[in-house]
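Here is the naming used below: chain letters follow the sequence lines, and residue numbers restart at 1 for every chain.
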Amino acid sequence: MPELPEVEVTRRRIEPQLVGRRIRTVRTTAASYLFITPPEALRRSLRGRTTTALGRLGKYLIAELDDRRRLVIHLGMTGQLFSQNASSVRLLAASTRQALAPEEQAEFRPDEHTHFRLAFDDDGPGIYFRDVRKFGKLLLLAPDEQHPRLARLGPDALEVGGERIFRASRKRRVPVKQLLLDQSLMAGVGNIYADEALFLARVRPGRRAERLTRRECDLIAAAVRRVLRRSIETGGSSIRDYVAPDGRDGAYQFERHVYAREGEPCFECGSAVCKRVIAQRGTHYCPKCQK
DNA sequence: ATTCCAACCTGATAGC
DNA sequence: TGCTATCAGGTTGGAA
C-alpha cells in the first residue's frame, strides 16, 4: 500500500492520537516475519511508556518514547495503522464484509491480521496495526541504536534535487524507474509515484539511467516532489488497502495519470497507456508523451 | 560493483 | 460454480 504520501498522512493523523498518551497495555499476535523485535519484548518494553514525538523518514514511521527508545514501524505492502474508532470496509476482508449487516460495519473488530494493539491509560481509543501480508515491520531501537534498515536510507524524497539523481545515474545501465525505487538514492518513492513522476517529467521509465541529461534529472526531481506533495494534500492513494488512521480514503487515485490505467487513454494525448514489467515491477507510461 | 531474482505472506481476481 | 494461475502500493539477501 503505502509510499511516502500515505505514510506521511498516516503520521499526521495518528500523531495526535499517540503523542502524550501513556501506554497501558500492548497486545500482539504470535512471533512472525513482521516482528523484528520479538512480540513479547515489545509488550514488555512499551508498557507504561509515553510517546513524545512521531517522525517519518521515507516510508518509515519513528515514534520517540520517553525512555529514549524508538519504535520503528514500516507498513510494507498491506500495513494499516489506525485508530480503534476508525471504520472502513478496507479494514475488512471481502468475505467478512459481505457477511456483516451494514450496521455492524460501524466499529472495527480486531481480526487475525491485527498484529499490534495499543491501549492507553486514559481509556480513549486504542491504536491498531493490521497487516494481511505481514510484509510490514515493527522494531524497537535502544537509545542511539542504529539499524541497517534506517542507515541505508537516502534523504527523504521531498528534499531531493536533480543534482543527486544526476550523480547517481552516471554509469548506471538500469532503467530510470529502478533508480527512483532505490531507497538509498532517496527515501519514499514506490511504484505508484515512480510511474506518476516519470509521466509528469515526460521520461520513459525504461530509459537507461546513464543516458539521462542533467535537465531531465531536474525535471524528474521536481516531478517527484510535486507528485508526493500533491498526494499528501489529497490524503494519499486509496487504490487497494490504504486507509487513513481515521478510516477515511485518500483521493490521489483520482488524479493518477498512468498508474493502473493500462489501455485507457492518456489525458494529455489520448494514446492508450502502456504497461510492461520494468525492474521487476508493473510499470505504466504513455508511449507518446514520454520519451 | 552492479544486476537479477527468489523469498517473505495472504487475498482478490482474471481466465479457463 | 469452481479451480488455478497471476498479480498486488515493499525490502532483503544472496547468486550470477
Whether A/E6 and A/K59 form a salt bridge (side-chain N of Lys/Arg under 4.0 Å from carboxylate O of Asp/Glu) is what I want to check.
no
For the pair made of CD1 in A/I239 and P in C/dA8, what is the distance, rounded to whole Å?
12 Å
Parallel, tilted or perpendicular, judged at 30° and 60°: which one describes the rings of A/F199 and A/H257?
parallel
If the threshold is 4.0 Å, N to carboxylate O, is there a salt bridge linking A/D241 and A/R90?
no
Distance test, side-chain N/O of A/K137 to OP1/OP2 of C/dT11, below 4.0 Å
no
Would one find a side-chain N or O of A/K275 under 4.0 angstrom from OP1 or OP2 of C/dC7?
no
Could you state the CZ-P distance from A/R133 to C/dT6, rounded to the nearest angstrom?
16 Å
Tell me whether the count of non-hydrogen atoms from other residues, nucleotides or ligands lying under 6.0 Å of CZ in A/R211 goes above 12.
no
Evaluate ring pair (Phe, Tyr, Trp, His ring centres under 6.0 Å) for A/Y60 paired with A/H74, printing each intermediate quantity in order.
CA-CA 5 Å; A/Y60 288 84; A/H74 193 287; 4.5 Å; yes
Between CG of A/D241 and P of C/dA8 the distance, given in whole Å, is 13 Å
Rounded off to whole Å, could you give me the CD-to-P distance for the A/E262 and C/dT6 pair?
16 Å
Give me the distance, rounded to whole Å, that separates C/dC7 from B/dC5 when you measure between the P atoms they each carry.
15 Å
Of A/R208 and A/S32, the one whose nearest nucleotide on DNA chain B sits closer to the 5' end is A/R208
salt_bridge(A/E40, A/R44) N-O dist < 4.0 Å:
no
Spacing between A/L34 atom CG and C/dT12 atom C1', to the nearest angstrom
15 Å
Suppose we call two aromatic rings close when their centres sit under 6.0 Å apart. Are A/Y252 and A/Y193 close by that rule?
yes
Return the value, rounded to whole Å, for the distance between atom CG of A/L139 and atom C1' of C/dT12.
14 Å
What's A/Y259 touching, base or sugar-phosphate or nothing? Going by heavy atoms closer than 4.0 Å.
sugar-phosphate
Under a 3.5 Å cut-off for both distances, is B/dC9 Watson-Crick or wobble paired, and to whom?
none
Base, sugar-phosphate, or nothing for A/K171, non-hydrogen atoms under 4.0 angstrom?
nothing
Output the rounded distance in Å from CG (A/L75) to C1' (C/dA8).
16 Å
For A/R207 and A/K291, indicate whether the former's side chain and the latter's backbone hold a donor-acceptor pair under 3.5 Å.
yes
Please tell me which of A/P148 and A/R90 maps to the more 5' nucleotide of DNA chain C, matching each residue to the nucleotide holding its nearest heavy atom.
A/R90
Check: protein-nucleotides 13-16 of chain C nitrogen or oxygen pairs below 3.5 Å:
none

From CD1 of A/I36 across to C1' of C/dT11 the rounded distance in Å is 10 Å
Taking any atom under 4.0 angstrom from a heavy atom of chain A, which nucleotides of DNA chain B are the first and last to qualify, 5' to 3'?
B/dT3 to B/dA12
What distance, rounded to whole Å, do you find between the two P atoms, one in B/dC9 and one in C/dC3?
26 Å
Can you find a side chain N or O atom of A/H74 that sits less than 4.0 Å from OP1 or OP2 on C/dG10?
no
Sidechain N-carboxylate O distance under 4.0 Å for A/R109, A/E107
yes
What do you reckon, are the aromatic ring centroids of A/F108 and A/F82 less than 6.0 Å apart?
yes
